[in-house]
Amino acid sequence: MPFAIPNYNVAIPEMFVLGMACLVLIVDLFLTERSRTVTYLLSQATMVGAAVLTLTTYSQEVVLAFSGTFVRDAMGDVLKAFIYLSAFIVFLYAKPYLQARKLFKGEFYVLGLFGVLGMMVLVSAHSLLTVYLGLELLALSLYAMVALQRDSIFASESAMKYFILGALASGMLLYGMSMLYGATGSLDLGEISREVATTKMELVMVFGLVFIVVGLAFKLGAVPFHMWMPDVYQGAPTAVTLYIASAPKIAAFAMVIRLLNDGLYGLHMHWQDMLVILAILSMAVGNIFAIAQFNLKRMLAYSTIAHMGYLLLGILTGSGDGYAAAMFYTLSYALMSLGGFGMIILLSRAGFEADRLDDFKGLNERSPWYAFMMLILMFSMAGVPPFLGFWAKVSVLRELIHVDMTWLAIVAVVFSIIGAFYYLRIVKLMYFDKAEDNSEIKQDLDLHVALSANSLGILVLGIMPGPLMALCASAIGVM
Amino acid sequence: MNLMSIIITVFAGSLLTAWVSRFGRLQAAWVAGLITLAALAQLLPMVPSVFAGNTHIEHWAWFPSVGLDLSFRLDGLAMLFALLILGIGLLIVLYARYYLSARDCMGRFYSYLLMFMGAMLGIALSENVIQLLIFWELTSLTSFLLISYWQDREEARQGARMALAITGAGGLALLGGLIMLGQIAGSYELSVILNSGDQIRAHPLYVPMLVLVLLGAFTKSAQFPFHFWLPNAMAAPTPVSAYLHSATMVKAGVFLLARLFPALSGTPEWSYLVGGAGLMTLLVGAVFALFKHDLKGLLAYSTISHLGLITLLFAIGTPLAAVAGVFHIINHAIFKASLFMAAGIIDHEAGSRDMRKLNGLWKYMPHTAMLAMVASAAMAGVPLLNGFLSKEMFFAEAASAGSHLKLGWLLPAAVTIAGIFAVAYSVRFIHDVFYNGEPIDLPKTPHEPPRWMKLPVELLVALCLLVGILPQATVQPLLEIASAGVLQTTPPDFDLAIWHGVNIALIMSVVALVGGGLVYAMRLPLFRLHDEHLAPRLQAKAVFDHIMSALFRFASALTRALDTGSLQRMLVLFFAGALVLGVGGFLMGGGPLSGNRAMLPLDPLSLMAALILIFGTLAVVMSHRQRFTALILIGVVGLVVSLIFVKFSGPDLALTQLSVEVVTIVLLLLALYFLPQSHSAESPRWRRARDLVVALLAGTGAALLSWAVLSRPFTSISDYFLANSVPGGGGSNVVNVILVDFRGFDTLGEITVLALAALGIFAMLERIYLPGPDADAQGRPWNWDKHPAVMASFARLLLPLALMVSVFIFLRGHNLPGGGFIAGLVTAVALIMQYLANGEEWTQDRLPANTHPMLAMGLLIATLTGLGSWLFGYPFLTSSFGHFHLPFIGEFELATAMAFDLGVYLVVVGSVLLILIYLGLMHGASHRPASGKEDYR
């Protein structure tokens, strides 16, 4: 059966990352323990190269390719650029951590690169098939990464839980997609969108929507499909947690927009109600459960759940401005999350994970600079100005009020007040408690520089949030 | 000169100060002072214009693309605050230079102080309310840094943390309120908001917005019931306390009330919320102040009380009350700053702040004592001092406001009681510290402080006197213009004379002064009463701690209940969540459950198959603890499924299902070898009951969904393939044509994955040796070497037959049910049977265990077939076919797809063998072959 040669140019970054991932996979076989840095450098070069390829061809134009299964647009490009950035930072932060634990292996980087590829496909998906393809490529990489530390029973257990729940969620998503296909007769998101808009409301469509929302909620970690997050965040090696907590959330945002807006906007009335429930539950559970945590990674997992609730607030408005606000929130969250887990890595060393809250006690005595960096991160997560997280909350709340959902904005404010307490507890521990160990913080120079830049970036972006906001708005296309 | 440069000067100065401090301790102080002067110098040229009644508004494009502007506003109110912040700030800088001891880091202190000052200026000068909020939170943050400056003190930690928690949380509430306010008014600019008061008050969102804004203002200004953080923040160095409690921080809250006064005030909600909080704060602060033995604690509670007073004035809502509020803001800032500084001097020179020890300091530091006494008298509201004037106005306003209400006399009465206590604690401040006998074992011998340390206090006390004696000449113009700023109109006429004749306010003042004296005289029994009965019960801090620990307990309990890490529980929650959403979707979705597709007739065969399927599935669930039985039952289910395929005319699928079923069962049997034959129930009965309910619900849901989908018409894509199979792919077996031709690319990918999976399993199993069981459940030894002769012979006989069948199935596959995949499975099963029946040794001798070459060959053939089409200029995997004639066999068709199918066949055989053989060999350790052949791997 003959078919047309597709327009490969559109997917050049994806192909580059695929090629490089395969290259790294092979090159790594010939490396020794000591020359493993080559793998690291190649991975970083991949991220830089992909960024160059994506950004040099950036345009506002929307191009469909591969029989309409793949789309390249401004939102996708911006999100991809941030995915590269996140992955770059993850690889950088993770290196000393992995080295100290004998985990500095090619697998981490290869899986990481394939995960990035999965995210890119997900971001550019324009068909239910491509969505699923990207999602699974990402998810399978993540399952394996969580289990990377094979001698840790916690890591194995959490990988198992993650896999079982993830497989269920994928199943739900597929179920929903198949129903959608049954109701509309197409896998193409554009087709589906037209079909949904013109045909009479169909029960099957709503059922399909329900299962798709379940799948999305799982990916984001929205309550009640959040159960995997605390266990996986805590159980996985911090380097992997760092990865899971940053870039995949950006991809998940794209997935939500692609499916719910690009495909199912006609059902906005219905998915809005569902997202309202998910958002309120997420903010409540995330913020309240975080208070009772003693493990910082677990606490940040709950904090992530809460953040996902706020993110959903922006999406459920169903307006371009709301999406832009949610996108801004996502990118801000990714940066803050990187910083937060980066701090854990900074304080950790061989045989010491530094992931308990108590490990941050008296950080101000040990290193006033990093205590201040952590203070920036915590305040930003709490949504206190002049840090980035504040603007994220402001823009989401503003859009909510804009579509007359003030009651929901008040609920969000109430939960963010509750949330402030556990972030401030960290600040209190750092500044006012006596350090339990006074050992000097010894890490590589690049980690010091990058982590400082990360935190200061949150401060600088908090003082000048305009460019990032404008970028999000123009990427969504509301300018 | 512009407003932004003032703020920038201060913030930049903060960095400069931190940098300069490396050159010496005192440089930091000098620089901080000069920076403050520079800011003041920029502000002063604008003052005359403001006095002329102008309002300066500046817009600085910040990020116009997203509608973010920096905008600043200078009107009477903003100017008053800016002057207070900078003026008192300058005095604090001077004072702190002498106050801080040699071991305190000056650079850090002054840097934080300037940062805080910049943030305060930002609040005062903001035109945009969101921008105001940013500076608002910045003050929380920087004041936290200031309060925690002496980190090594336990109380400092507690205090700073509580201050941060309360004010930070209040700021978030304020954020919500201000966003709503902006939405209601249509703009975040104050000039718009202040002019749309009627619109705002009439809006349905007015009450929630007001509550949120007030939460912000009350937490910041330490209004009841949030007042407790302020005394606990007393651990800060005294210059900080003096600054925070006089002109800044806590004044930010009342500033906000004043700023939004035209927009929000004048409704019953405003009066009751603001007035209630203000009155409570006034009383609570005044009463508790008397009982504090700590000098700064007394002053802190008095600050709370005075803030309540100002709040109450704004709550009354008349223009004259607002004027009085502004006046008291000025007066309180002046006398409270001087009092804190005096307290700091005493602490500094005497080494203690405990009023039970500090006695009779008059003899040691008469000059300081004099200053403190005047300031304290101003606080009490003694005539000829500034505090008297504003308190008089307050009493008058309270009395007139009360006269409009039912039970209105309560208001002036309560206010007078507060006045009595205010006088009492002021008297205590004077009498206990400077008289009342001799000091009791102080760590130092008190003496006068350095000259320059007293200068700020002297200046402020002079101001108290000046304003108190000559109000019209000094403060009147400033008050007028500031009040105009608050009200946004011309302020009402007011008279700042000292003597208004005998009126109700004067009577209240006199009552307060006399009563205060009396209360102080009875202080000792009151102290006892307080210490024994009230103090233990009326600890707001304890309430805060209690709420915090309750919240923590609540969160812990929830976590214990729901976050157990149990996968079972996660799954239950997962399915329950999906069910709830599904039911919700059904209820919302409307529309009937069934579609309009005609039902097919029910035939007995299908019914029977369905029944067997149902009972088979149930039997699997019931018997799942007997693993072997369950496995056989699963096989039954699989067989019935393949029969259903036969019934619905899918012989090809049926064949595939059948062979896959066999291979899967064999695979599971091999794995079963390592598991116990049965296991007991792990879950308690209730949990199984719960799981049953969830499973039944989920199953019902899935059934209904299937019903909904299947009862609706759909267009099948099978027509396309049926029509194109022969002309396009040259075969009449549509399934096979799809596999090897239409979806050839997919199949190539799939067999690659299959080969990879086999290699992966090989890699994992290669060096694993698990001990197998030595005996079965009855204790009979495991028979692992003897292979029954009958079975062995039959299996050997069966092999050529099975191979023949597989070749047959393979060859006919393109047109009739069959194909490479099924043929591969048949071959693999036939070979595995040899392993099972004849044992591995026998088979290994005749058949290589290494199937890697077969895998590679299969993949190579399939790929080459695809590449072959390139030679003829077609895209990858384009197939062609033709009809050929061979003698004996006759006419037959040959398609390139067949070569591709061969690749599929080889990969399937290789993979299945590889997986099954290595699973079977896993127990090599416990059943080592006798002949010592171990290196066959």
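Atom set for the values below is all heavy atoms of this structure, side chains included, hydrogens, waters and symmetry mates excluded. Chain letters run A, B, ... following the sequence lines, proteins first, then strands; residues in each count from 1.
Residue A:Ala169 touches chain B through both its backbone and its side chain, counting heavy-atom pairs closer than 4.5 Å. Both the backbone and the side chain of B:Leu133 come within less than 4.5 Å of a heavy atom of chain A. For a residue to count as touching a neighbouring chain, one of its non-hydrogen atoms must lie under 4.5 Å from one of that chain's; by this rule A:Tyr175 touches chain B with the side chain only. The parts of A:Leu168 that come within reach of chain B are both its backbone and its side chain, each placing non-hydrogen atoms under 4.5 angstrom from that chain. For A:Phe289, the parts lying under 4.5 angstrom from a heavy atom of chain B are both the backbone and the side chain. Heavy atoms closer than 4.5 Å to chain B are found in both the backbone and the side chain of A:Val394. For chain A, the nearby parts of B:Ile179 are the backbone and the side chain; heavy atoms of each come within less than 4.5 Å. Contact of A:Phe294 with chain B is made through the side chain alone, with heavy-atom distances under 4.5 Å. For a residue to count as touching a neighbouring chain, one of its non-hydrogen atoms must lie under 4.5 Å from one of that chain's; by this rule B:Ala576 does not touch chain A. No part of A:Met269 comes within reach of chain B, as not one of its non-hydrogen atoms sits under 4.5 angstrom from that chain. Residue contact with chain B, scored on non-hydrogen atoms closer than 4.5 Å, involves the backbone and the side chain of A:Ile288 alike. Proximity to chain A (any heavy atom under 4.5 Å) is restricted, for B:Leu175, to the side chain, taken from C-beta onward. With a threshold of 4.5 angstrom between heavy atoms, A:Tyr181 approaches chain B through side-chain atoms but not through N, CA, C or O. For B:Leu558, the parts lying under 4.5 angstrom from a heavy atom of chain A are both the backbone and the side chain. Looking at A:Leu281, there are no atoms closer than 4.5 Å to chain B (heavy atoms on both sides), in backbone or side chain.
In this structure, CG on B:Leu567 lies 9.0 Å from CG on A:Asp231, to the nearest 0.5 angstrom. Atoms CG and CG, from B:Leu587 and A:Asp273 in turn, are 12.0 Å apart once rounded to the nearest 0.5 Å. The structure places OG of B:Ser556 at 8.5 Å from CD of A:Gln293, a figure rounded to the nearest 0.5 Å. Atoms CD1 and CG, on A:Ile291 and B:Leu551 in that order, are 4.0 Å from each other to the nearest 0.5 Å. In this structure, the separation between NZ on A:Lys161 and CG on B:Leu571 is 10.5 Å, given to the nearest 0.5 Å.
When side chains are defined from C-beta on, A:Thr406 does not count as touching B:Gln183, because their heavy atoms never get closer than 4.5 Å. Between B:Val709 and A:Phe207, the closest side-chain pair of non-hydrogen atoms is not below 4.5 Å. Contact check for A:Phe211 versus B:Leu581: no side-chain heavy atoms found under the 4.5 Å cut-off. No side-chain heavy atom of B:Ile134 sits less than 4.5 Å from a side-chain heavy atom of A:Phe387. The side-chain heavy atoms of A:Val214 and B:Phe574, taken from C-beta on, include a pair separated by under 4.5 Å. The shortest side-chain heavy-atom distance between A:Phe225 and B:Leu573 does not fall under the 4.5 Å cut-off.
The candidate with the highest count of non-hydrogen atom pairs below 4.5 Å against chain B, out of A:Leu424, A:Val414, A:Ile401, is A:Ile401. When the candidates A:Gln234, A:Lys393, A:Arg425, A:His402 are compared by the number of heavy-atom contacts under 4.5 Å with chain B, A:His402 comes out ahead. Of all the listed residues (A:Pro386, A:Ala420, A:Gly182), the one sharing the greatest number of non-hydrogen pairs under 4.5 Å with chain B is A:Pro386. Interface summary for chain A: among B:Gly176, B:Gly182, B:Gly582, the most heavy-atom pairs under 4.5 angstrom belong to B:Gly582. Listed options A:Tyr302, A:Phe218, A:Tyr423, A:Trp271 were ranked by heavy-atom pairs under 4.5 angstrom with chain B; first place goes to A:Tyr302.
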Pair A:Trp391-B:Ile130, side chain to side chain contact (heavy atoms under 4.5 Å, CB included): steps then yes or no:
CA-CA 10 Å; A:Trp391 291 108; B:Ile130 298 289; 4.1 Å; yes
Just do the side chain to side chain contact (heavy atoms under 4.5 Å, CB included) check on A:Leu397 and B:Met180 with the steps written out, would you?
CA-CA 9 Å; A:Leu397 292 180; B:Met180 284 162 77; over 6 Å; no
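Listed by sequence position, B:Glu137, B:Leu138, B:Leu141 are the residues of residues 135-142 of chain B in contact with chain A, using a 4.5 angstrom heavy-atom cutoff.
More than 12 heavy atoms of other residues, nucleotides or ligands lie within 6.0 Å of OH in B:Tyr206, so this atom counts as buried by the packing criterion. Atom CZ of A:Phe163 sits in a sparse spot, with 12 or fewer heavy atoms from other residues, nucleotides or ligands closer than 6.0 Å.
Residues B:Ala708 and A:Val204 come closest through the heavy atom pair O-CG2, 3.9 Å. Residue A:Pro224 comes nearest to B:Gly577 through the heavy atom pair CG-CA, 3.9 Å, listed as atom of the first residue, atom of the second, then distance.
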